[in-house]
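To start, the structure under review is shown below, and the notes come after it.
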Amino acid sequence: MSDADQVAELLARLRAGTPLVQCITNAVVTGFTANVLLALGAAPAMVDNREEAPVFASVADGVLINLGTLDAEVAQTMRLTAEAAGAAGTPWVLDPVAVGGLPLRDRVGAELVPLRPSVIRGNASEVISLSGAEGGGRGVDSTASTEAAVDAAASLVGRTGGAVAVSGPVDRIVDGSGVRTIASGTPTMTMVTGVGCALGAIVAAFAPYAETPADAAFAATAVLTIAAELADEKADGPGSFAVQLLDALHRVGPADLARLRVG
């Protein structure tokens, strides 16, 4: 079975199962993330308060924890929810937005890694910084290549036992068995806020159906980047691209996934 066939099979299982995905994500992207999950065939649940979020983590099929807009209370909610997800066996995804150079998110990211996220999804600078090395970065933008982050990703895999997805022009998915690459996608993805954050939610949606965390990250990256290519073919610019991306996620299927570029 080809990579595209495996992704198509997982996508069919996701759509049949309508996974409940809990998102503790940042204020900038909450609505877009929910719409991405709905378009894909998942059910979003933005349960992010301290009293309810840890309880809901045992009900959800997958959990996203995104460090985009942090304060002390949100950080505590994230820690409690990660612990609850781990105890319940619910796969959870850590998106270390802008880790590297800002004290609160650096500290919270370092505290969440030992709680063993199933998948860490970030850009190269974020992944390098989360590993404890100097990653550079400029806010939410990476200043390092995804290839430069492979060793840092492998280091994180050694600490979590899961997988790390490094997003960029060439995406790299790292786990204990090696590195897989995806070269699909379009630069327009970087012109719409929330596309990268939505990828973390899509990984959480695939996680209940994938054999390994790396398979979930690979399938999510494949579906999003192919949908982005389909959207770019119809869009006139970033605004219409965002709308077209939702439509493309809704209709993407096996024939589209055959255009996946790997390796």
Side-chain angles (χ1 to χ4, degrees), residues 21-30 33 45-58 60 62-88 90-144 149 152-167 174 193-194 196-204 207 213 217:
V21 181
Q22 180 184 8
C23 300
I24 303 177
T25 191
N26 71 74
V28 179
V29 304
T30 302
T33 302
M46 280 36 194
V47 182
D48 58 1
N49 67 77
R50 187 174 58 183
E51 181 176 351
E52 296 174 333
V55 177
F56 201 83
S58 64
V63 175
L64 167 66
I65 294 179
N66 175 306
L67 306 189
T69 48
L70 268 183
D71 59 32
E73 180 166 342
V74 170
Q76 184 178 11
T77 299
M78 290 175 172
R79 286 190 288 268
L80 294 172
T81 303
E83 291 172 352
T90 305
W92 67 281
V93 177
L94 171 62
D95 189 336
V97 178
V99 162
L102 291 172
L104 177 58
R105 67 192 61 235
D106 289 359
R107 186 167 66 251
V108 173
E111 291 171 351
L112 290 173
V113 168
L115 299 180
R116 301 170 67 89
S118 305
V119 177
I120 296 169
R121 200 290 323 163
N123 67 39
S125 289
E126 292 163 349
V127 168
I128 293 170
S129 296
L130 189 66
S131 77
E134 176 54 53
R138 190 183 63 172
V140 298
D141 297 327
S142 178
T143 57
S155 171
L156 288 167
V157 166
R159 293 156 60 186
T160 65
V164 176
V166 189
S167 299
V174 181
T193 188
C197 296
L199 176 56
I202 297 173
V203 175

Does [X] reach the main-chain N or O of [Y] with its side chain, forming a donor-acceptor pair under 3.5 Å?
X: T90; Y: G62; answer: no
X: S131; Y: S155; answer: no
X: T30; Y: N26; answer: yes
X: S58; Y: A88; answer: no

message = With rounding to the nearest 0.5 angstrom, report the CG to CD1 distance, D48 to I65.
response = 11.0 Å

inquiry  = Nearest 0.5 Å, please: how far is CZ in R116 from CZ in R159?
reply    = 11.5 Å

Note, [X] side chain near [Y] side chain (heavy atom, < 4.5 Å):
X: T160; Y: V113; answer: yes
X: I120; Y: E126; answer: no
X: R121; Y: L64; answer: no
X: L130; Y: V164; answer: no
X: T81; Y: W92; answer: no

note = Here the pair of heavy atoms bringing V47 nearest to A53 is O-CB, 3.6 Å

message = If you apply the rule side chain to side chain contact (heavy atoms under 4.5 Å, CB included), what do you find for R79 with V108, and how did you get there?
response = CA-CA 8 Å; R79 286 190 288 268; V108 173; 4.1 Å; yes

message = By the side-chain hydrogen bond (donor to acceptor under 3.5 Å, both in side chains) test, which pairs, at least two apart or in different chains, include something from residues 96-107?
response = none

